[in-house]
Amino acid sequence: MTIRLYDTSARQIRDFSPLTPGCVSIYLCGATVQAAPHIGHIRSGLNFDIMRRWFDYRGYDVTFVRNVTDIDDKIIKKAAEQGRPWWSIGYENERAFNEGYDVLGCLPPTYEPRATGHITEMVEMMRGLIERGHAYEADGNVYFDVRSFEGYLQLSNQDLDDLRQPSGEGETGKRDPRDFAMWKAEKPGEPSWETPWGRGRPGWHLECSAMAHKYLGSAFDIHGGGLDLIFPHHENEIAQAKAYGDDFASYWVHNAWVTMAGDKMSKSLGNSVLVSEMVKHWRPIVLRYYLGTPHYRSMIEYSEEALREAESAFARIEGFVQRVVEKAGGPVEPAADVPLAFAEAMDDDLGVPQALAIVHTAVRQGNSALAADDKEAAVARLAEVRAMLGVLGLDPLDPQWAGGEGERGEDLHGVVDTLVRLVLQQREAARSRKDWATADAIRDQLNQSGLVIEDGPDGPRWTLGPR
């Protein structure tokens, strides 16, 4: 079955047809590093990580570019407020973003270019646009003439007569207030680079057009980002790139937001939840499950209750995996292929919720097989479950997660296991003498400590339960 994706520019789901057979090129608007990432930022990285994994599973050679915007108005403002170099703030937060991507299991991009490393490419693009009559210089600024590009606003489906273009301080000399800045003239105390039109710094939109051209050429398959980037960022990217002569992206894919009380999570609204704080309270694999399993085009309303539900749901999967591994007496390798129904769901616009339902069905079937002491069927279901979870980046037996706590974590697990087994021996002794009250009290105390005790034919076993 052909992979199908919702294309924002076409406003419909389209069959994916790559520019080069067997290959897929993806450009994702990545971090603007004025602050550490909240879970709304990281959701985009997770969604496109799942897309990238699915294309890889389907046999595509994937080139995945995720840029870093390391110079913009917000970074400069933060630098002035904190009395620090702009590049210091940018690099600190770039590292925080990468730590966030890593801790939640995102594969590294093929290329991760920084905007400030591509000034030469930006100057080249501006020169070409000026020569073609699509851009002009005024007061040291370089602006794009939106009226010169016939297809402007097709992505966001707006009317040019009604357009209100965001405009920054110092953007003087515009021929039309709707024109947007590609290059901003130097201001005292701000970083700047030399160009034929004077010193200054790049505009946000120009950065991505130039970097996409540099790493993916004049045409590539998929451009991604959050819904909030459709206008002005992506609209202005298209104008610059196509006016320059590029075909640019064939498909535009946008993920929805994480919201709080109905508002988009953002620093400016003061309603953001930092990834670095979240992983102190929630296991990273649970946070990935929470952010990555809703459909990428669906809003996620943040709440502790929803996180607890995600934790409980993943605990059911993880408990099954652990029980079968114990039953099998060792590792069970993932199946070579995912079940057909799972593949069909993923092919249909990355239908992760539908695909996840297939995972949970396989888990239930596997648990039934365990209850019937059908080791062969249970192992077969686990192989399927691992294959499916691997595509979603959620396989608890993958080294990303299995070794995530390092040697110290393994040592701690061994200590806890020894202590719990001593307590369980006391419980078994109470049961053998029919002291049910003591046995039940021991079990209840363990449950209150966050442990789940299950009695099976091979004796009691413990697992960490949801908080």
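- Two residues are said to be in side-chain contact when any heavy atoms from C-beta on lie closer than 4.5 Å; Y60 and I3 meet this criterion.
- Atoms CG and NE2, from D179 and H134 in turn, are 12.5 Å apart once rounded to the nearest 0.5 Å.
- Aromatic ring centres of F55 and F64: separated by at least 6.0 Å.
- Salt bridge present: E277 and K280 bring a charged side-chain N and a carboxylate O closer than 4.0 Å.
- A centroid separation of less than 6.0 Å is found between the aromatic rings of Y215 and H118.
- The structure places OG of S44 at 10.0 Å from CG of L227, a figure rounded to the nearest 0.5 Å.
- Between the CD atom of E81 and the NZ atom of K74 there is a distance of 12.5 Å, given to the nearest 0.5 Å.
- Side-chain atoms of V286 and M278, non-hydrogen and from C-beta on, never get closer than 4.5 Å to each other.
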Name the atoms and distances for all side-chain donor-acceptor pairs under 3.5 Å in residues 122-133, with sequence neighbours left out.
residue, atom, partner, partner atom, Å
R132, NE, Y244, O, 3.4
R132, NH1, G128, O, 3.0
R132, NH2, Y244, O, 3.4

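- Taken to the nearest 0.5 Å, the CZ atom of F149 stands 12.0 Å off from the CG atom of L160.
- For the atom pair OH (Y111) and NZ (K214), the distance works out to 10.5 Å, reported to the nearest 0.5 Å.
- At a threshold of 4.0 Å, the pair R114-E94 counts as salt-bridged, since one of the basic side-chain nitrogens sits closer than that to a carboxylate oxygen.
- In this structure, the side-chain contact (heavy atoms from CB on, under 4.5 Å) partners of A306, at least two apart in sequence or on a different chain, are Y290, S303.
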